[in-house]
Each structure stands twice: as C-alpha cells, then as structure tokens.
Amino acid sequence: MLNELASVKNALSVLVLALVLALYLFANSPFFETDHIEWTGLVNLSSEQLDAYLNLPVINVWRLDMRELVAVLSKHPWVESAKVSWRWPNRLIVNVKERMPVAQIPTEGGWVYLDREGSILSPIQQHTLASLPIVTNVNLEAPEQLVSTARLITLIPPRLMGAISEWNAQARVFVTRSGVEIFMGEPVELEEKFALLEQILDDLQARGEQAARIDLAVPKTPVVTVAR
C-alpha cells in the first residue's frame, strides 16, 4: 500500500514538473515575442517617430518591464504621460497623452512651441502647426514669463482663437489676422477682458465697423479706436 502511494506521488511530481517545464517553454517561445507597438492617442506625434525613439528590440512580452517603458517614454519632450496594456498573445498597446502646444515662438534657430504649462517644445521634424498664434518679444530664459504667456493663450475663448495671429509679450498686445491691435494691459481680470472683447467685436460687426485698436487695460472703461 505504501509503495503504491509512493508511486502515485512520484508520478504526480513528474507530471507537475513536466507541466511547469511545458509552461516555461511555452511562455518563452516566439509566440509571445514582438518588436511592434500599437500607438493610440497620437495627435502631433507619429507612430514612426515614437518607434524610432524607443527602438524596441524583439522581446518576449513576459519579460518586458512596462514601468521602464513608461519611464523612457515620459522623457520624450512631447509626451506628458503614457499607459501600456497587453493583449493576448503579443500585442503591446501604448496610449499616449501628448503635451499640447498652444503657441509658436520664432527664435534664431527656428520655431519652437509653447505648451499649456509654459514649457518649450522643440519642433517635430517635417511637421508644422501654422494655425497656432505667434508669440513675439518673450524671454525664453524667464520661466515665469512663459507660464503667464501660456496661461493667457489658454484663456482665449475658442471663437476668438482662430482670429488671433500674434501676442506681443513685451507690449502686451494681441494682433488679429485682420490687423486689429488689442491692448490687454496687466495680466489681471483676464476672463472679464476676453468676455468684453467678444462683446465689443460683436457690437462692431453689428454696426458694420472695423476696429483699428482696442484698449482693455481697464475693463470698466475700454477704449475702441474705429478704423477709418
């Protein structure tokens, strides 16, 4: 009886060992290997650019350190965050949240972009964002000025954004695509100033007039110079 139990235990041990070995070999087989990532959430970046940035070798998905992959991606200047998921058997899916540029700035070395947090983004190769407003006379070495500029740009109402061509940070003046100068004054009461600007432009349009300059430095007493 004892010999029979010992034989059964030995047989079970061999079976378990064989099963573990089979699972190990299966998990490490080419069935789970990949060098391809499916990218989602991309707006300005392209999958080709991120593939080149990572240069992911052929790797078994079970051996991939997803936290390390996210950490590497987070160092990309245009990536705010990333989330990695895995689908059977070897699909890697990375959802990217990009840093969103709100303005473009001309420099001696070419154009750079300003994101909504006030960080400078280098241009993406073969990609332009010409629809963004231009920021001039801003000190790229002054973080507080960049942050305040980014905040100002993000507060522009959507219906006005397409009409704004330039923000002169030194003069504190917006210039519209039709050439209207809008003096904003100190960076205070900005929501009130933008709401007032919308009202003034609507009133001018209703009267069939065009402004040459709008002074909103003191919202309670705006000054509108009508074009002749």
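As the structure is a prediction and not an experimental result, all values here were calculated from the model. In what follows, residues are counted from 1 in the order of the sequence shown.
Two residues are said to be in side-chain contact when any heavy atoms from C-beta on lie closer than 4.5 Å; Leu132 and Ile153 fail this criterion. For the pair Leu216/Phe194, no side-chain contact is recorded, criterion being any heavy-atom separation below 4.5 Å from C-beta on. Looking at heavy atoms from C-beta onward, Ser85 lies out of side-chain contact with Asn95 at the 4.5 angstrom threshold. Side chains of His36 and Leu92 form no contact here, defined as non-hydrogen atoms less than 4.5 Å apart. In this structure, Arg91 and Thr34 have side chains that are not in contact, with every pair of non-hydrogen atoms separated by 4.5 Å or more. Put simply, the side chain of Gln210 reaches to within 4.5 Å of the side chain of Val180, judged on heavy atoms. Side-chain contact between Leu69 and Leu54: present, with at least one pair of heavy atoms (C-beta onward) separated by less than 4.5 Å. Using a 4.5 Å cut-off on side-chain heavy atoms (C-beta onward), Pro133 and Met161 make contact.
Hydrophobic clustering, with ILVMFWY side chains joined whenever heavy atoms are under 4.5 angstrom apart, groups Leu155 together with Ile182. Both Phe174 and Leu197 belong to a single network of hydrophobic side chains, linked directly or stepwise wherever heavy atoms of I, L, V, M, F, W or Y lie under 4.5 Å apart. Cluster annotation: Trp88 is connected to Ile37 through the hydrophobic network of ILVMFWY side chains, with a link wherever side-chain heavy atoms come within less than 4.5 Å. The cluster map of Ile, Leu, Val, Met, Phe, Trp and Tyr, joined by side-chain heavy atoms under 4.5 Å apart, puts Val94 and Ile124 in the same cluster.
Residue Ile93 holds its CD1 atom at 12.0 Å from CH2 of Trp39, rounded to the nearest 0.5 Å. Taken to the nearest 0.5 Å, the OG1 atom of Thr154 stands 9.5 Å off from the CG atom of Leu190. Interatomic distance, Ile105 CD1 to Ile120 CD1, rounded to the nearest 0.5 Å: 4.0 Å. Expressed to the nearest 0.5 Å, how far NZ of Lys83 lies from CE of Met66 amounts to 11.5 Å. From Glu141, atom CD reaches atom CG of Leu146 across 9.0 Å, with rounding to the nearest 0.5 Å. Put simply, CD on Glu68 and CG on Leu73 are 11.0 Å apart, with the number rounded to the nearest 0.5 Å.
Note: Tyr113 and Trp78 have perpendicular aromatic rings, judged against thresholds of 30 and 60 degrees for the angle between ring planes. Under the 30°/60° scheme for interplanar angles, the aromatic rings of His76 and Tyr53 are found to stand perpendicular.
The heavy-atom pair separating Arg177 from Gly162 by the smallest distance is NE-O, 2.8 Å. Of all heavy-atom pairs between Asn44 and Glu98, the closest is N-OE1, 2.9 Å. Considering all non-hydrogen atoms of both residues, Ser122 and Pro77 come closest at OG-CG, 4.4 Å. For Arg213 against Val173, the heavy-atom pair with the smallest separation is NH1-CG2, 4.4 Å. Considering every non-hydrogen atom in both Pro187 and Arg151, the closest pair reads O-NH1, 4.4 Å. Between Lys193 and Glu186, the shortest heavy-atom contact is NZ-O, 2.8 Å.
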Can you list the steps and then say if Leu45 with Val79 is a side chain to side chain contact (heavy atoms under 4.5 Å, CB included)?
CA-CA 9 Å; Leu45 293 169; Val79 175; 4.0 Å; yes

Assess the residue pair Leu196 and Glu189 against the criterion (side chain to side chain contact (heavy atoms under 4.5 Å, CB included)); give the C-alpha distance rounded to whole Å, side-chain angles, the decisive distance to 0.1 Å, and a yes or no.
CA-CA 11 Å; Leu196 180 59; Glu189 303 176 289; over 6 Å; no

Check step by step if side chain to side chain contact (heavy atoms under 4.5 Å, CB included) holds for Leu42 and Leu50.
CA-CA 10 Å; Leu42 302 184; Leu50 290 176; 3.6 Å; yes

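A 6.0 Å sphere centred on CZ of Arg67 holds no more than 12 heavy atoms belonging to other residues, nucleotides or ligands.
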